[in-house]
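Below is one structure, written out as structure tokens; comments come after it.
These values consider heavy atoms only, across backbone and side chains, with no hydrogens, waters or symmetry-generated copies. We count residues from 1, following the sequence as given.
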Amino acid sequence: NKMKHITTILILSYCITTGFSFAQEGETWDTGEKVYDISTIDLEPNVDPIYLNNIKRTWVIQAEAQKSEGIIEDYFIYRSINQYDGDFDLILMTVYPNLAALDNNPKNRKKWDRADEKARKTISDEATQELTATYGKLRTIRDQKLMREIKFRK
């Protein structure tokens, strides 16, 4: 019975990670292949300019390098218009072509290494570490999720 339970979990995990879905009768949508890595960020009061300038020199440089290597398709930063204390103020989003882009394999590692090297040409590891060391005082990561788009059939 325990083996059957483990086998069921493994099959479900495989189906989820490969994007295979069990179609329910009457289902009127499809799940997209692209994967959206979404982080919600709560900023401390009055640090928006500091944090945004710092992530421009770290996160954005890294994302540009990853985009140039084909690891990601795009990235976005969204800022809340109506900020409330304790709620998130920013959304950082990275768009991967599919879940396989996140696999740890030799082909992907080469792309990631090339992207890291490109980013280091713009900002050194030491400078990046110096900037990211301040992030704990500037912000709290509220949530991070990998998501896929739902598209309704016509």
Please step through side chain to side chain contact (heavy atoms under 4.5 Å, CB included) for the pair L102 and D37, ending with a clear verdict. CA-CA 11 Å; L102 297 169; D37 183 353; over 6 Å; no
dist E33:CD -> E149:CD (nearest 0.5 Å) comes out at 12.5 Å
Would you find a donor on one side and an acceptor on the other, under 3.5 Å apart, between the side chain of R79 and the backbone of L90? no
According to the salt bridge (Lys or Arg N to Asp or Glu O under 4.0 Å) rule, which pairs have a member within residues 91-116, sequence neighbours left out? E69-R114
Of all residues at least two apart in sequence or in a different chain, which pass the salt bridge (charged side-chain N to carboxylate O under 4.0 Å, His left out) check with E73? K34
Between K67 and D74, is there a salt bridge with N-O shorter than 4.0 Å? yes
Please determine which of I77, I41, L131 meets the side chain to side chain contact (heavy atoms under 4.5 Å, CB included) test together with I55. I77
Are more than 12 heavy atoms, taken from residues, nucleotides or ligands other than N46, located less than 6.0 Å from that residue's CG atom? no
Check ring pair (Phe, Tyr, Trp, His ring centres under 6.0 Å) between Y96 and all other residues, then give those that pass, not counting sequence neighbours. none
Would you give the length of the straight line joining atom CZ of R153 to atom CH2 of W29, rounded to the nearest 0.5 angstrom? 8.5 Å
Check whether S80 reaches the backbone of N82 with its side chain - one donor and one acceptor, N or O, closer than 3.5 Å. yes
Run through the side-chain heavy atoms of Ile, Leu, Val, Met, Phe, Trp and Tyr, join any pair under 4.5 Å, and report what else lands in I91's cluster. Y36, I38, F76, Y78, F88, M93, V95, M147
To the nearest 0.5 Å, what is the distance between OG (S39) and CZ (R142)? 13.0 Å
Applying salt bridge (Lys or Arg N to Asp or Glu O under 4.0 Å) as the test, list every pair that has at least one member in residues 54-64; sequence neighbours left out. none
With side chain to side chain donor-acceptor pair (under 3.5 Å) as the rule and sequence neighbours excluded, what pairs involving residues 128-137 come up? T58-Y135
